[in-house]
Amino acid sequence: MDADHRDLDEEDSFALLPSFFRAAAARLGGRCSMTGRTGPLAGIRVLDMTRLAPGPYGSMLLADLGAEVIAIGGGRSGLPVPALSRGKEFVTLDLKTDEGRAALHRLVAESDVFMEGFRPGVADRIGAGYAELGEINPRLIYCSVTGYGQTGPLASRAGHDINYLAIGGALGTFGPADGPPAPPLNLVADFAGGGLLAAFGIVGALYERERSGRGQYLDAAMVDGVLSMMGMNFVDWGGGSLPRRGEGVLAGSMPAYRCYACSDGRYVAVGALENAFFTNLWQALDLGEVPNHLDPANWDMISERLDASFRTRTMAEWTEFFAEIDACVTPVLEPHELAGFDQISQRYQGFRADSVPAVPVYSRTAARPGERDTEDATERVLGRFGIPPEHARKAVGSAGDGAVKGLRWPPV
């Protein structure tokens, strides 16, 4: 810690002027980091005020890459999702108090990234808006992670992954043709369109800051992420590749790209789109002359033949059968089976479903999953910023009473 901060333990040290924070940010450049951090983002400090899934997933990705992540809770915020909490420290601040806001501003002065997931305008009202924090630290990358974004008639509305998928044009393409649309858990809008997009945007802004020396504001909306990911499928919609929900090349009606039941009730996934793969599949099953699998006129026949064939053996038997055949056939594994599957266990030794790998794989600066510790570390963390324990306790205020009003996960 800088010498100017180590000795800030007098009674009046907590109520410092914004000019001090600006000077600290300029002097430190947002690079004061916890010792022991490694990885491509080592030296980057992230303050995370997001909740539930999208933002915490994004900050977990940053932590896996070596960033120091301080998750800030308090007030009506929900509890952190345990699976997304690794590599982070958790503090509690009451931003309704002068002490809580002053503590936040102290952290912001020496940080690189700030993430929040409030509805538009809320962060401004509690002293955590971009205008105020950017004034304290002009190098700050400020990322708002929301469902609908900062503009538009739905900007202030609440929602969840299923809602963002719905208005983003994705949900209407998911699920069977003879049933209601079915969301693929909350993977698309929450995790990919929200958390992953936010992390990607933050890394891009950090790179740009190396040239300009300036921070900036990021509006990361989950609907925007869905729109972006649907680019190829929007163009295909209404055509032969994706004529309607539940039908088309990638939607499950094309027999060369779907799942088939085995004799034990389990499934294999077939992705034999290219001619070479489909030919290998058809010949391996000894089904006779290879048909044109891209012609919809052949789909009923191909489907019947493949369905009958796959029902003759168990999933494990088909896994062994296709182990050396390049036909894009794999078992449909359930989460509890991953640790015992060769591809997963050999690539990620010691794999556990409750601690997914840190990705991607770097050749020099490896990404590493951090320890998971959701215990309150407010006094320890604020102490690193020169805030003495008595002032840290004032900064927590009533926010530390344990009364969580938000959604807990898992909810059942």
Side-chain angles (χ1 to χ4, degrees), residues 36-41 52-54 56-67 69 71 79-88 90 161 182-192 194-196 199 252 257-272 277 281 284 310-311 313-375 408-412:
R37 296 273 175 170
T38 61
L41 291 183
L52 206 49
Y57 176 62
S59 63
M60 185 192 81
L61 294 177
L62 301 176
D64 286 349
L65 297 186
V69 177
L79 293 174
V81 178
L84 306 179
S85 299
R86 70 187 188 199
K88 305 177 185 180
F90 291 83
D161 180 279
L185 301 180
N186 64 331
L187 297 176
V188 178
D190 274 1
F191 288 105
L196 188 59
Y257 196 89
R258 70 163 68 150
C259 294
Y260 289 90
C262 303
S263 63
D264 57 352
R266 300 297 301 277
Y267 291 86
V268 292
V270 175
F277 299 140
L281 169 69
F310 282 115
R311 289 183 182 275
R313 303 190 188 190
T314 67
M315 183 186 78
E317 290 171 335
W318 284 122
T319 301
E320 183 178 359
F321 179 87
F322 280 101
E324 302 299 328
I325 299 174
D326 210 15
C328 301
V329 178
T330 54
V332 177
L333 300 176
E334 296 175 359
H336 66 278
E337 299 174 305
L338 298 180
F341 189 67
D342 286 348
Q343 173 63 26
I344 305 300
S345 62
Q346 291 183 26
R347 184 168 171 83
Y348 302 107
Q349 296 182 8
F351 173 86
R352 304 197 324 268
D354 64 348
S355 183
V356 295
V359 294
V361 176
Y362 287 77
S363 65
R364 290 188 300 103
T365 55
R368 292 187 175 89
E371 296 297 321
R372 183 186 302 163
D373 181 5
T374 58
E375 293 299 316
R408 297 172 183 263
W409 198 266
V412 294

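Count residues from 1 along the sequence.
Contacts of T365 classified as side-chain contact (heavy atoms from CB on, under 4.5 Å), with partners at least two apart in sequence or in another chain: P40, Y362. Applying the side chain to side chain donor-acceptor pair (under 3.5 Å) criterion to T314, with sequence neighbours excluded, gives E317. Residues passing the side-chain contact (heavy atoms from CB on, under 4.5 Å) test with A261 are Y267, R311, sequence neighbours excluded. The side chain to side chain donor-acceptor pair (under 3.5 Å) test applied to D161 returns no partner, not counting sequence neighbours. Applying the side-chain contact (heavy atoms from CB on, under 4.5 Å) test to P331 and every residue at least two apart in sequence or in another chain returns M315, T319, L333, F341. With sequence neighbours excluded, the residues satisfying salt bridge (Lys or Arg N to Asp or Glu O under 4.0 Å) with R86 are D64. Applying the side-chain contact (heavy atoms from CB on, under 4.5 Å) criterion to A71, with sequence neighbours excluded, gives F90. Under the salt bridge (Lys or Arg N to Asp or Glu O under 4.0 Å) criterion, E337 pairs with R266, sequence neighbours left out.
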Check step by step if side-chain contact (heavy atoms from CB on, under 4.5 Å) holds for S345 and F351. CA-CA 6 Å; S345 62; F351 173 86; 6.0 Å; no
Given side-chain contact (heavy atoms from CB on, under 4.5 Å), test L281 with V329 step by step and report yes or no. CA-CA 8 Å; L281 169 69; V329 178; 3.9 Å; yes
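Two residues are said to be in side-chain contact when any heavy atoms from C-beta on lie closer than 4.5 Å; L84 and F191 meet this criterion. In this structure the side chain of Y260 reaches within 4.5 angstrom of the side chain of V270, judged on heavy atoms. Using a 4.5 Å heavy-atom threshold, the side chains of L61 and L196 count as touching.
Atom CG in L65 sits 10.0 Å away from atom CE in M60 (nearest 0.5 Å). From S59, atom OG reaches atom NZ of K88 across 2.5 Å, with rounding to the nearest 0.5 Å. In this structure, N186 CG and L52 CG are separated by 8.0 Å, a value rounded to the nearest 0.5 Å.
A367 and P360 make their closest contact through CB-O, 3.9 Å (heavy atoms, listed as atom of the first residue, atom of the second, distance). Nearest approach of A327 to A272, heavy atoms of both residues: O-CB, 3.7 Å. Across every non-hydrogen atom of G87 and A63, the tightest pair is O-CB, 3.8 Å.
Shown here is Y257, whose OH atom has no more than 12 heavy atoms of other residues, nucleotides or ligands within 6.0 Å.
Of the possible polar contacts, none joining the R372 side chain to the S85 backbone as a donor-acceptor pair under 3.5 Å is found.
Applying the salt bridge (Lys or Arg N to Asp or Glu O under 4.0 Å) definition to pairs two or more places apart or across chains, those involving residues 351-362 are R352-D354. Under the ring-ring contact (aromatic ring centres under 6.0 Å, His included) criterion, the residue pairs touching residues 318-339 are F310-W318, W318-F321, W318-F322, with sequence neighbours excluded. Sorted by first and then second residue, the side-chain hydrogen bond (donor to acceptor under 3.5 Å, both in side chains) pairs involving residues 322-334 (not counting sequence neighbours) form an empty list.
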